Amino acid sequence: MITKLALKNFKSISESGIEIDLKPLTVLMGPNASGKSSILEAIGIFA
């Protein structure tokens, strides 16, 4: 099971990157074009 995700320079995620702790329930919320779909796509690639 993936428990933590760190992304940098992936699609709409910038050079500064992000780091997310994935718990049993993780909710992604934000405005359009904020990178929610990029996060989900990265999880799909690594899973």
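None of these values were measured; they are calculated from a predicted model.
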Fill in: Closest contact, heavy atoms only, G35 versus S12
CA-OG, 3.3 Å
Worksheet item: What pair of heavy atoms forms the shortest contact from I39 to L5, and how long is it?
Response: CG2-CD2, 3.8 Å
Item to complete: Starting at CD1 of I13, measure out to CD1 of I18 and round the result to the nearest 0.5 Å.
Response: 4.0 Å
Worksheet item: Would you say K4's side chain and L22's backbone share a donor-acceptor pair under 3.5 angstrom?
Response: no
Fill in: S38 versus F10, closest heavy-atom pair with distance
O-CE2, 3.4 Å
Discussion item. My understanding is that only residues two or more places apart in sequence, or in another chain, count here; which of them pass side chain to side chain donor-acceptor pair (under 3.5 Å) with E15?
Written reply: none
Worksheet, complete the sentence: Scanning both residues in full, the closest heavy-atom pair of D21 with T26 reads O-OG1, 4.2 Å
Discussion item. Can you list everything that forms a side chain to side chain donor-acceptor pair (under 3.5 Å) with K11? Sequence neighbours excluded, please.
Written reply: E41
Worksheet, complete the sentence: Rounded to the nearest 0.5 angstrom, the OG1-CD1 distance for T3 and I20 is 12.5 Å
